[in-house]
Amino acid sequence: MKMANETGLEGLIYLQAPQPFSLSETIGYLSRSANECLFHVESGRVYRLIEVGGERVVVEISGHDTTVNIRCHSDNPLTSSVRDAVAGHVWEWFDFDRDLPPFYEQMEYCPWMKEVARAYYGLRIVSVVDLFEALCWAIMGQQINLTFAYMLKRRFVESFGVQQQWAGRNYWLFPRPEAIAQLHVDDLLGLQFTRRKAEYVLAVARRMAEGSLSKHGLLRTGDFQAARRELIKIRGIGPWTANYVLMRCLRDPSAFPVEDVGLQNAVKATRGMDRKPSIAELREMAVGWAGWEAYATFYLWRSLYQTVGG
DNA sequence: AACCAGGCTGCTA
DNA sequence: TAGCAGCATGGT
């Protein structure tokens, strides 16, 4: 991983953000749900508990578009290796490796998408760094409204996750596959998982716990298509879920969850259609996005809700 | 109260 | 191979 000008002093890390980058748009995206249980936004700052190198650190993110400040709160003094790992985590979280100008150049040829691209200029895909979290979140979100999906996630996290307090507030780490692998379907039915979703999540947890499924393994060849095929072989992971995970976790900029109802509704609203586009129509509309489908999708999702800004 | 929701599986033809 | 019923449950 390449990191630009990362320096640190005690618990403070400065990341020089690649340009363009908009921290306020990013925070706007992170503010989309009041029901989010894994991080929160307060006074324009993002707070989240992460675990890197065996160390648990509450990161507090502030700053501006050119420099992102990460204040680290931990029980132990930060070693340089943990500091590097925190910096790397945030770097990936905000997709700082991406060279974004080609995306905007390409969107200029799509009359309606270029407006969306301009509206959220500097927004980068906020990734879900942990593969297990990304898979579970996608499975939980299948065919239900987002409000209910957030509730399912909260119950799952608060039942089986790792809790830590800082400054009088509870923070949670997403449950580990090893913990979930030991559960039974019945343990999740009480959280209002459907039987199917419970089966899917447990099977994914067991694969990850035994090591037959991992982020590194999926990315090993660098072939996103191969990763997609491997994911779709798993029961409960269909095209939408595979593409969602490729987009949010494996960071394939061409991943395209075309089956996504939210995306369809965003296109309908953006283009003033009187109905949702069919999947075939959406594919046709997206031919000009080639290579950047994930970014176009993310921007369209962003257009679905309004925030007061960072 | 019907219809929708960030789909997937497994059965039919 | 393609089409589709059934799933299961909360939100609006």
Side-chain angles (χ1 to χ4, degrees), chain A residues 28-38 116 120 123 125-128 131-156 158-159 174 185-205 207 213 228-252 255-270 273-283 285-286 289 293-307:
Chain A
Y29 177 81
L30 291 171
S31 307
R32 72 193 180 286
S33 174
N35 299 317
E36 174 62 58
C37 59
L38 293 175
V116 179
Y120 307 109
L123 176 65
I125 291 181
V126 177
S127 77
V128 179
L131 175 64
F132 187 54
E133 179 190 334
L135 282 166
C136 290
W137 173 233
I139 290 169
M140 288 179 204
Q142 289 170 3
Q143 185 58 20
I144 59 173
N145 63 74
L146 272 180
T147 304
F148 184 41
Y150 276 109
M151 189 177 70
L152 284 180
K153 181 168 87 163
R154 175 181 293 278
R155 288 178 179 160
F156 187 71
E158 294 184 352
S159 297
F174 197 78
V185 168
D186 292 349
D187 297 320
L188 296 181
L189 296 184
L191 310 186
Q192 287 178 292
F193 278 60
T194 63
R195 183 168 294 276
R196 287 255 173 88
K197 287 186 181 179
E199 290 169 1
Y200 300 161
V201 165
L202 290 184
V204 165
R207 282 175 187 256
L213 174 64
R228 186 194 329 273
R229 285 193 299 272
E230 195 168 334
L231 283 170
I232 288 179
K233 282 182 194 164
I234 299 171
R235 183 165 177 267
I237 300 180
W240 176 83
T241 303
N243 281 317
Y244 183 91
V245 169
L246 280 161
M247 171 184 169
R248 294 298 301 281
C249 180
L250 304 182
R251 295 188 301 152
D252 172 6
F256 190 26
V258 68
E259 307 84 355
D260 187 86
V261 176
L263 172 64
Q264 293 162 11
N265 282 327
V267 170
K268 174 187 171 185
T270 300
M273 300 170 68
D274 59 359
R275 58 173 177 80
K276 290 183 294 188
S278 69
I279 287 174
E281 288 170 333
L282 201 42
R283 283 222 164 84
M285 293 177 197
W289 305 350
E293 291 89 341
Y295 259 85
T297 297
F298 197 73
Y299 272 57
L300 283 162
W301 283 348
R302 177 67 181 83
S303 76
L304 279 172
Y305 50 86
Q306 307 299 324
T307 58

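Lettering follows sequence order; numbering is per chain, from 1.
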Residue mapping more 5' on DNA chain C - nearest nucleotide basis, Asn145(A) or Arg195(A): Arg195(A)
Among dA5(B), dC8(B), dT9(C), the nucleotide that comes nearest once only the side chain of Trp240(A) is considered: dC8(B)
Given dG7(B), dT9(C), dT9(B), the nucleotide with the shortest approach to the side chain of Tyr200(A): dT9(B)
Arg283(A) with Glu293(A): basic N within carboxylate O range, under 4.0 Å: no
Nucleotide dG7(B), atom P - distance to CD1 of Ile279(A) in whole Å: 10 Å
Touch class at under 4.0 angstrom, heavy-atom based, for Pro239(A) against every strand present: sugar-phosphate
Any-strand Watson-Crick or G-U partner of dA8(C), both distances under 3.5 Å: none
Among dG6(C), dG7(B), dA5(B), the one nearest Gln142(A) by side-chain distance: dG7(B)
Whichever of Lys276(A) and Arg196(A) has its nearest DNA chain B nucleotide further upstream toward 5': Lys276(A)
Tyr150(A)/Trp137(A) aromatic ring centres below 6.0 Å: yes
Between dC7(C) (C1') and Arg235(A) (CZ): distance, integer Å: 11 Å
Whichever of Leu146(A) and Ile232(A) has its nearest DNA chain B nucleotide further upstream toward 5': Leu146(A)
Listed nucleotide nearest any side-chain atom of Gln143(A), set dG11(C), dC8(B), dA8(C): dA8(C)
Ring centroid separation Tyr29(A) to Phe298(A) under 6.0 Å: yes
Spacing of Lys268(A) atom NZ relative to dA5(B) atom C1', expressed in whole Å: 14 Å
Nearest-neighbour nucleotide for the Phe148(A) side chain, dA8(C), dT9(C), dG7(B) considered: dT9(C)
Touch class at under 4.0 angstrom, heavy-atom based, for Ile237(A) against every strand present: sugar-phosphate
Point-to-point distance, once rounded to the nearest 0.5 Å, from CG of Leu231(A) to CG of Leu246(A): 6.0 Å
Charged N-O contact under 4.0 Å between Arg235(A) and Glu199(A): yes
Atom pair CE (Met140(A)) and OG1 (Thr194(A)), whose distance is rounded to the nearest 0.5 Å: 11.0 Å
Gap between atoms CE and P, on Met151(A) and dT12(C) respectively (whole Å): 11 Å
Thr241(A) side chain, from C-beta outward: closest of dT9(B), dT9(C), dC8(B): dC8(B)
Nearest-angstrom distance from the residue atom CG of Asp260(A) to C1' of dC8(B): 15 Å
Sugar-phosphate only, base, or nothing, as touched by Leu152(A) at under 4.0 Å among non-hydrogen atoms: nothing
Atom-pair distance (NZ on Lys197(A); P on dT9(B)), nearest Å: 13 Å
Atom pair distance, as rounded to whole Å: CG in Leu231(A) and C1' in dC8(B): 15 Å
Pairwise P distance, dC11(B) and dA8(C) [rounded to whole Å]: 14 Å
d(CD, Gln264(A); C1', dG7(B)) in whole Å: 11 Å
